[in-house]
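Below you'll find the structure, written out as structure tokens, and then a few comments.
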Amino acid sequence: MSTLDGTPAEGTRGLYPFLDEYERPDTAEAETEARRSAVQKTGEIVRLRRWVGEESAAELAACAGQMAARFASGGRLFSFGNGGSSTDAQEVATAFLHPHRGPALPALSLTGDVAVVTALSNDVGFEVVFSRQLAALGRPGDIAVGLSTSGGSANVVRAFEEAARRDMLTVGLAGGGGGRLTELSEMGVLAHLFVVPSSSVHRIQEAQTTLYHVLWELTRHALGAAPIPRAHDPG
């Protein structure tokens, strides 16, 4: 608690005597710094997204074409990741399964079933939480989309290895230098790998969001669900 002038109340001083040692920040200075930081970060993600789009355009189109072919033949998409990438994996599945426009496509996030994830983690090991699900659910013609900001998540690597054994289309999104997913790509385990060259987890995840939404759009175009927009078409 504080008094009306912002100083700690007597009871609070007893619990946290060190509070009196700190000066209250200059509001104008704090606002200026917040504005500068926001402009800097916005510029970084705009440049990064533009670079990723230019560098990955051809492979994004090729990947979407293969995904569309799999969906057209009855294939399903399985997505997975850890932490913030777990949330992104759920968004990937939602984008395809419950799109804001166009037909729904079969997709499932392997991070969504807490009972399965915790059972596998407790009984076998966390490194198999995705590969075991793919072993049970995956089949030739399906699609595996895994996200990792570091590219080094053991359970994501194991999942791609299992997916490749089952003749699933494997699509990886990573950051930095790509980590272990780069090795899988070089070995032919990963059919497509999109690496966001940044050391910032925040910038990586923001750019990955752009990547998988572009994949969704291009897949819809390849399936004939929507016309490819012309350069001057804002839609």
Side-chain angles (χ1 to χ4, degrees), residues 56-82 85-86 88-97 99 102-113 116-117 119-120 124-148 150-174 178-195 208 211-225:
S56 305
E59 187 165 4
L60 283 167
C63 180
Q66 293 178 11
M67 291 174 66
R70 300 262 175 152
F71 279 126
S73 298
R76 303 158 300 167
L77 183 150
F78 297 94
S79 57
F80 44 90
N82 300 286
S85 296
S86 169
D88 284 333
Q90 293 181 45
E91 170 59 19
V92 170
T94 300
F96 285 88
L97 182 63
L105 297 169
L108 174 69
S109 169
L110 300 183
T111 67
D113 192 328
V116 170
V117 171
L120 289 170
V124 186
F126 191 60
E127 70 278 3
V128 304
V129 292
F130 304 137
S131 59
R132 283 292 187 95
Q133 292 187 72
L134 290 179
L137 301 172
R139 63 194 183 199
D142 287 338
I143 305 162
V145 178
L147 302 95
S148 173
S150 68
S153 302
N155 52 16
V156 172
V157 171
R158 291 279 291 270
F160 278 132
E161 292 172 340
E162 183 65 37
R165 280 193 291 270
R166 295 180 175 279
D167 195 26
M168 299 174 66
L169 178 66
T170 48
V171 183
L173 279 70
R180 294 179 64 188
L181 296 190
T182 298
E183 298 174 15
L184 294 187
S185 178
E186 293 171 349
M187 294 166 56
V189 173
L190 264 177
H192 299 281
L193 175 60
F194 302 97
V195 179
Q208 287 182 342
L211 283 168
Y212 62 71
H213 277 102
V214 168
L215 276 176
W216 170 73
E217 287 279 7
L218 292 176
T219 300
R220 291 177 64 246
H221 295 322
L223 286 169

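FYI, side chains are in, hydrogens and waters are out, and symmetry mates aren't considered; it's all heavy atoms of this structure. Note that this is a predicted model, so its numbers are computed, not measured.
- To the nearest 0.5 Å, atoms CG (Leu169) and CD (Gln66) are separated by 5.5 Å.
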Inset, instruction - Check step by step if side-chain contact (heavy atoms from CB on, under 4.5 Å) holds for Leu110 and Leu134. - result: CA-CA 9 Å; Leu110 300 183; Leu134 290 179; 3.8 Å; yes
Legend entry - Test log, rule salt bridge (Lys or Arg N to Asp or Glu O under 4.0 Å), inputs Glu217 and Arg220: CA-CA 5 Å; Glu217 287 279 7; Arg220 291 177 64 246; 3.3 Å; yes
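- The two residues Pro106 and Gly75 come nearest to each other via the heavy atoms CG-O, 3.4 Å.
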Legend entry - Steps toward side-chain contact (heavy atoms from CB on, under 4.5 Å) verdict (Leu108, Leu137): CA-CA 10 Å; Leu108 174 69; Leu137 301 172; 4.0 Å; yes
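- Here the CE-CD distance, from Met168 to Glu162, works out to 9.0 Å after rounding to the nearest 0.5 Å.
- Looking only at side-chain heavy atoms (C-beta outward), Leu211 and Leu60 come within less than 4.5 Å of each other.
- The backbone N or O of Ala69 sits less than 3.5 Å from a side-chain atom of Ser73, completing a donor-acceptor pair.
- Annotation: side chain of Phe71 is in contact with side chain of Ile143 (closest heavy-atom distance under 4.5 Å).
- Crowding of Arg132 atom CZ: a count of heavy atoms from other residues, nucleotides or ligands under 6.0 Å not exceeding 12.
- Here CZ of Phe130 is found 4.5 Å from CG of Asn82. Values are rounded to the nearest 0.5 Å.
- For Arg166 (side chain) and Ala135 (main-chain N/O), a donor-acceptor pair under 3.5 Å exists by modelled atom type.
- Shown here for Phe160 and Val171, the closest heavy-atom pair between the two residues is CZ-O, 3.3 Å.
- Distance alone, capped at 3.5 Å, is enough to place a donor-acceptor pair between the Thr170 side chain and the Val189 backbone.
- Smallest separation of non-hydrogen atoms from Gly172 and Leu190: N-CD2, 3.7 Å.
- The heavy-atom pair separating Ala72 from Leu223 by the smallest distance is CB-CD2, 4.1 Å.
- Under the 30°/60° scheme for interplanar angles, the aromatic rings of His192 and Phe194 are found to lie parallel.
- Leu184 is listed as a side-chain neighbour of Val157, based on a closest heavy-atom distance under 4.5 Å.
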Inset, instruction - Please step through side-chain contact (heavy atoms from CB on, under 4.5 Å) for the pair Tyr212 and Val145, ending with a clear verdict. - result: CA-CA 9 Å; Tyr212 62 71; Val145 178; 5.9 Å; no
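- Remark: Asp142 CG to Phe78 CZ distance equals 5.0 Å, nearest 0.5 Å.
- When all heavy atoms of Ser148 and Ser153 are compared, the pair lying nearest together is OG-OG, 3.2 Å.
- Separating the CZ atom in Phe96 from the CG atom in Leu215 is a distance of 6.5 Å, to the nearest 0.5 Å.
- Shortest non-hydrogen contact noted between Gln133 and Leu120 is CG-CD1, 4.2 Å.
- Atoms CG and OG, from Leu181 and Ser150 in turn, are 7.5 Å apart once rounded to the nearest 0.5 Å.
- Counting only heavy atoms from C-beta outward, the side chains of Glu161 and Arg158 approach each other to under 4.5 Å.
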